[in-house]
Q: 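Got a structure for you, written out below as structure tokens; questions coming shortly.
Source: prediction; values computed, not measured. Letters go in sequence order (proteins before strands), and every chain restarts at 1.
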Number of protein chains: 2
Amino acid sequence: MQDGTFLSAGDTAVTDRGDAPVPGTPAGAIAALLDGTCPVRDVLDRIGDKWSVLVITLLGDGPMRFMELKRAIELVSQRMLTRTLRALERDGLITRTVFPTVPPRVDYELTELGRGLHATLAELARWSYAHRADVEAARATYDAREADSQAQVEPESLRA
Amino acid sequence: MQDGTFLSAGDTAVTDRGDAPVPGTPAGAIAALLDGTCPVRDVLDRIGDKWSVLVITLLGDGPMRFMELKRAIELVSQRMLTRTLRALERDGLITRTVFPTVPPRVDYELTELGRGLHATLAELARWSYAHRADVEAARATYDAREADSQAQVEPESLRA
DNA sequence: CAGTATCCCTGCCGATACTG
DNA sequence: CAGTATCGGCAGGGATACTG
């Protein structure tokens, strides 16, 4: 299974660019990525949704109960918070502890696995934050060019 | 602006867990994250979509032209490939070079910024791949528990 | 070849109401 | 408090047809 592991996520380090000429393109790995066969896709799907990263981040500072999370995020609907928590629990990233009191109390906490992802996400966040100016500048430049090319087509509306 | 930077992505390293007790919960940072004010959300949105990571990965091995990418991914629609490439270009992650030949030829290539993200994504991919078994096991366990609890409700259908 | 334009459908997600 | 159930909007993304 060490043929076309997506992003060379396998055994060797590939932090920099092309260390291998790439045979023909890892078509197998790509197919796997789309089938849901690829473990990378799983994580991508999880962090791609609107709330998971937020929850993982909040739980990075220790366990919280349902309403604590709800109030902390505040813009999330009850439905989505529940779904998000269930998905994270299913993937073994958080634990769900029910205290059979009345009213009920449920604590959510990162597992060891969850803390690992939390750390990796922090890496990504750090990169994003460090390069926020570059991205913003790139967008400004791009949008300015767009506006210019539009300006050469639209002026007729002023001559009407 | 060093109050509640999301995921502590600011100036200090936080690779491991909670190094600060967290005052009250960084409500401001969370609001910013949802407003689109947060640079982390930008990256999350980008890598959260279906094709961006794939494209960045493929371009990690050098420039490619439109049809090369299309054929490499093969399941992507023309429409979505174009949109993905435009978004990446706008964010300054790739460059688009048009050769005014006939038929036209367009090359896409990672920028310096893009190569940085490529490296960070490789980190994430490596983590995902390294822990794929844990996630799979967690899911199996979870799903088995689910099936069990269902089994105590459903049997009536067998007694009908 | 490298796109743009149009149609359409699925599923994500929010709002609301109800329950143990 | 901590959920589940149901309805509905709308954006992401695919299929197809057309263009420079």
Side-chain angles (χ1 to χ4, degrees), chain A residues 33-36 41 44-55 58-59 63-90 94-109 146 149-150 152-153, chain B residues 30-31 33-36 41-42 44-55 58-59 63-90 94-109 145-146 149-150 152-153:
Chain A
L33 184 104
L34 297 162
D35 293 359
R41 172 56 62 187
L44 251 34
D45 287 347
R46 190 76 43 251
I47 71 178
D49 77 42
K50 212 171 173 182
W51 307 113
S52 292
V53 173
L54 222 34
V55 168
L58 287 168
L59 292 181
M64 294 176 77
R65 38 193 301 194
F66 188 87
M67 269 303 156
E68 277 186 284
L69 286 166
K70 176 102 173 63
R71 267 189 294 269
I73 304 183
E74 123 187 6
L75 283 165
V76 73
S77 65
Q78 210 154 355
R79 168 190 155 85
M80 285 319 294
L81 182 54
T82 301
R83 290 177 59 117
T84 301
L85 290 167
R86 289 289 180 284
L88 293 174
E89 186 196 1
R90 188 172 109 95
I94 65 174
T95 57
R96 176 170 179 274
T97 315
V98 182
F99 299 90
T101 60
V102 44
R105 170 198 174 127
V106 181
D107 274 20
Y108 292 93
E109 186 173 11
E146 283 308 281
S149 31
Q150 290 296 345
Q152 296 176 351
V153 182
Chain B
I30 288 168
L33 185 103
L34 297 162
D35 292 0
R41 172 56 62 185
D42 288 341
L44 251 33
D45 287 347
R46 190 73 47 247
I47 71 178
D49 76 42
K50 211 171 176 183
W51 307 112
S52 293
V53 173
L54 221 34
V55 169
L58 287 168
L59 291 181
M64 294 176 77
R65 39 192 303 193
F66 188 87
M67 268 303 154
E68 277 188 284
L69 286 166
K70 177 102 174 63
R71 266 188 296 270
I73 305 183
E74 126 188 2
L75 283 165
V76 72
S77 63
Q78 210 153 354
R79 168 191 154 85
M80 285 319 295
L81 182 55
T82 301
R83 288 175 61 118
T84 301
L85 290 167
R86 287 292 180 282
L88 294 174
E89 185 196 0
R90 188 172 109 95
I94 65 175
T95 56
R96 176 171 179 271
T97 315
V98 183
F99 299 92
T101 60
V102 44
R105 170 198 176 126
V106 181
D107 273 21
Y108 293 94
E109 184 172 12
R145 268 207 310 274
E146 283 307 280
S149 31
Q150 289 298 343
Q152 297 177 351
V153 183

Q: Considering heavy-atom distances to DNA chain C, does A:Pro104 or A:Arg83 have its closest nucleotide positioned more toward the 5' end?
A: A:Arg83
Q: With both distances kept under 3.5 Å, what pairs with D:dG20, Watson-Crick or G-U wobble?
A: C:dC1
Q: Rounded to the nearest angstrom, tell me the gap between atom CE in B:Met80 and atom C1' in C:dA5.
A: 15 Å
Q: Compare all side-chain heavy atoms of B:Val76 with those of B:Leu69 and state whether any distance is below 4.5 angstrom.
A: no
Q: So what does B:Phe99 touch, heavy atoms closer than 4.0 Å: a base, only the sugar-phosphate, or nothing?
A: nothing
Q: State, yes or no, whether a side-chain contact exists between B:Lys70 and B:Arg65 at a heavy-atom distance under 4.5 Å.
A: no
Q: Using a heavy-atom cut-off of 4.0 Å to chain A, what are the terminal contacting nucleotides of DNA chain D, in 5' to 3' order?
A: D:dC1 to D:dT6
Q: Grab the CG-P distance between B:Leu44 and C:dC12 for me, whole Å please.
A: 17 Å
Q: Going by the rule side chain to side chain contact (heavy atoms under 4.5 Å, CB included), which residues pair with A:Val98 if we only count those two or more places apart in sequence or in a different chain?
A: A:Arg96, A:Val106
Q: Return the 5'-most residue of the pair B:Arg79, B:Phe66 with respect to DNA chain C, ranking by each residue's nearest nucleotide.
A: B:Phe66
Q: Report yes if the side chains of A:Val55 and A:Leu81 come closer than 4.5 Å at any heavy-atom pair, otherwise no.
A: yes
Q: Testing the basics here: between B:Trp51 and B:Thr84, what is the closest heavy-atom pair and its distance to 0.1 Å?
A: CB-OG1, 3.7 Å
Q: For the pair A:Arg46 (side chain) and A:Val53 (backbone), establish whether a donor and an acceptor sit closer than 3.5 Å, ignoring hydrogens and angles.
A: no
